Amino acid sequence: MKEEIKKLVESTVADVYGQTVRSVTGAPNPKYGDFSSNAALLLDPVINEPLFEIASKLAAAIFVRDAGRTFKKVEATRTGFINFRLDESYLQRQVALIREEKDRYGRKKEKNGKRVLIEFVSANPTGPLHIGHGRWAVIGDDIASLLEASGYEVEREFYINDVGNQIEKLINSVKARAEGGEVPEGGYSGAYIQDLADELKADISKPEFRNILIGTILEWQKRVLRELSIEFDRFFSERTLHEKGKVAETIEKMKKTGHTFVEDGALWFKSQDHGDDKNRVLVRENGEPTYFTADIAYHLDKFSRGYDQLIDVWGADHHGYVPRLKAALKVLGLPVDHFEVIIGQLVSLFRGSEPVKMSKRTGDMITLEEVVQEIGKDATRFFLTMVSSQNRLEFDLELAKKHASDNPVYYVQYAHARICSIFREAEERGVEFNGNCDLSKLIHPAERDLMRKLIDLGDEIVSAAEKRTPHQMVEYAKSLAAIYHNYYHKCRVISDDIDLTRARLALADATRTILKNVLILLKVEAPERM
RNA sequence: GCGCCAGUAGCUCAGAUGGAUAGAGCGAUUGCCUUCGAAGCAAUAGGUCGCGGGUUCGAUUCCUGCCUGGCGCACCA
């Protein structure tokens with residue numbers, strides 16, 4: 001809707017004033033209208049006419065163009081805004097459209113031909129996932145879903161860091177435990193190490209123990225991701241990059257750029273010349289490439305696969321790594337504009353007001369899987385999406401599992417269940433409803449508010465996808481649920497007026513569809529009863 | 001010390017490339033169930049948008065300095 005209004009406004013501006021503007025379509029305070037445009041304010045410095053006159057001329061021209069298809073009123077304000085008021089018949093037609101399109105409503109009907117690769121989670125296979133991984137996982141998965149709904153072709157990828165010191169430490173720690181000893185200094189000491197030692201005792205001396213161990217942990221990680229309904233298109237192993245010589249190739253390519261040097265027996269990248277804090281080692285003194293080098297090789301590989309956009313989702317504890325990677329990709333001549341890193345801030349777990357201890361030292365932290373088992377998939381996904389990814393998340397386990405009104409998951413799901421209940425009631429009372437009805441009966445102000453909210457789904461999806469802000473969808477869901485609950489109390493659906501009853505059933509059904517569509521995007525259940 | 005993120009109601013958070021009276025949930029107070037689910041609704045109270053400058057007709061939003069909190073600053077990943 002906003003895109004259409006924007007186009008309408010801007011083409012009118014071009015016709016009337018011969019100017020090109022990049023206007024913004026907003027949703028103002030409802031008392032001003034359903035949408036507003038700032039186009040006249042943008043023209044004010046350029047056009048030698050009073051602001052109100054500019055706005056008025058545009059408003060009149062826009063109204064004429066629309067020819068009553070969409071708007072009941074388009075008017076200018078003294079302050080220079082152009083306000084749009086939708087015609088009720090337009091809203092009513094949307095209700096019909098929602099009921100016709102069902103789960104397709106709000107999604108782009110056609111692919112835009114663009115391919116996006118989104119990489120997320122990408123945890124080391126050295127232990128179970130924790131709640132922080134859960135947040136990047138859910139946010140990444142949500143963004144992927146939003147992009148798909150906006151017409152992109154999306155692939156989800158998990159990078160396995162199955163090479164390096166951390167893995168060696170893990171192997172040594174498990175071996176030590178299996179032999180009944182203490183883990184070596186700086187090794188892994190969580191209780192799960194003992195579990196691994198017990199479980200894999202028989203394999204410990206096999207040459208492929210390393211693979212068995214990594215495979216086992218990876219399976220744990222995949223299992224909890226599946227519990228959260230997250231499916232990857234690909235698990236990409238760092239090790240294969242080394243084996244196929246991609247890392248060695250990358251080193252040669254980096255050397256060729258002329259932005260490297262040798263010092264203390266190591267090969268360095270002059271990343272400092274390209275926006276990084278300091279220079280970085282590509283090949284260690286001992287001849288081993290660093291993680292960084294392999295990651296450059298990985299991103300080189302991603303670029304070579306021809307995506308239009310690459311997205312990485314990282315935890316805030318890795319944000320310092322962004323400048324060096326971008327610097328490397330830049331000197332290699334890659335289109336860095338098409339590569340973005342979304343940084344997700346960390347999660348603090350609480351039970352009520354009590355923080356849940358997360359001791360990294362002993363490795364005794366609550367795992368993501370434990371959280372999912374305790375509070376369920378719906379609450380986990382909803383809570384992990386709820387807050388802007390650039391803000392820290394305070395995750396209250398007690399609240400998340402409460403089946404009560406202060407739990408926002410239940411608030412939204414309840415609205416859906418409540419509508420389903422109305423349909424059950426209608427059936428019980430023998431109301432005949434085959435979908436045919438006179439939607440022009442929907443004239444109550446509360447009905448208008450509700451319809452007005454329903455049509456926002458498409459705009460919300462596009463906006464949340466573009467801005468990579470899935471929490472926006474949670475806000476929308478909560479707000480729609482609130483408007484519905486309000487409507488429920490103001491307007492009785494089932495009444496003696498059969499025509500009105502049918503029209504209201506149609507509206508309730510449309511609302512149910514929109515709620516469900518949002519919840520599908522978030523991969524949260526839309527229950528029929530609860 | 002340097003860098004990134006945050007600082008909005010008692011608490012947890014929204015706030016679209018600057019715009020019209022800053023919003024929601026929880027918590028508090030008070031109303032609403034003989035009628036479709038009260039896991040709900042309505043009303044009231046609650047704000048120097050961390051602090052100071054600056055740009056602008058207009059700043060919670062942009063710039064700058066400072067304060068507070070989180071994270072990071074490896075030849076770990």
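Numbers restart at 1 for each chain; the letters A, B, ... are given by sequence-line order, proteins then strands. For clarity, every value in this text was computed on a predicted model and none was experimentally measured.
- Rounded to whole Å, the distance from NZ on A:K467 to P on B:rG15 is 7 Å.
- Both A:D162 and A:Y487 sit near RNA chain B, but only A:Y487 has its closest nucleotide nearer the 5' end.
- Of the candidate nucleotides B:rG40, B:rU12, B:rA20, B:rU12 has the atom nearest to the side chain of A:E394.
- Paired runs in RNA chain B that reach 3 or more consecutive Watson-Crick or G-U pairs, where each pair keeps both distances under 3.5 Å, cover B:1-7 with B:67-73, B:10-13 with B:23-26, B:28-32 with B:40-44, B:50-54 with B:62-66.
- Counting non-hydrogen atoms under 4.0 angstrom, A:H318 reaches a base of the nucleic acid.
- Taking atom CG on A:L129 and atom P on B:rA77, their separation rounds to 19 Å, with Å as the unit.
- Residue A:Y488 places at least one side-chain N or O closer than 4.0 Å to OP1 or OP2 of B:rA38.
- Heavy atoms only, all atoms of each residue included: A:H259 and A:F269 are closest at O-CD1, 3.4 Å.
- Comparing A:E460 and A:S421 along RNA chain B, the residue whose closest nucleotide (by nearest heavy atom) sits nearer the 5' end is A:E460.
- Taking side-chain N and O atoms only, A:H416 has no distance below 4.0 Å to OP1 or OP2 of B:rG40.
- Ring-to-base geometry does not place A:F81 in a stacked arrangement with B:rG19 (centre distance under 5.5 Å, plane angle under 30° required).
- The side chain of A:Y414 lies closest to B:rG40, out of B:rC36, B:rG40, B:rC71.
- Here the nucleotide nearest the side chain of A:T79, chosen from B:rG72, B:rG15, B:rA20, is B:rA20.
- Of all nucleotides listed (B:rU35, B:rU17, B:rA20), B:rU17 comes nearest to the side chain of A:K6.
- Look at A:Q345 and you won't find any side-chain N or O under 4.0 angstrom from OP1 or OP2 of B:rC5.
- When the side-chain nitrogen and oxygen atoms of A:N391 are compared with OP1 and OP2 of B:rC5, none of them lie within a distance under 4.0 Å.
- Residue A:E263 places its CD atom among more than 12 non-hydrogen atoms of other residues, nucleotides or ligands, all under 6.0 Å distant.
- For A:Y298 and A:F236, the gap between ring centers is short of 6.0 Å.
- Whole-Å rounding puts the A:E475 CD to B:rG23 P distance at 15 Å.
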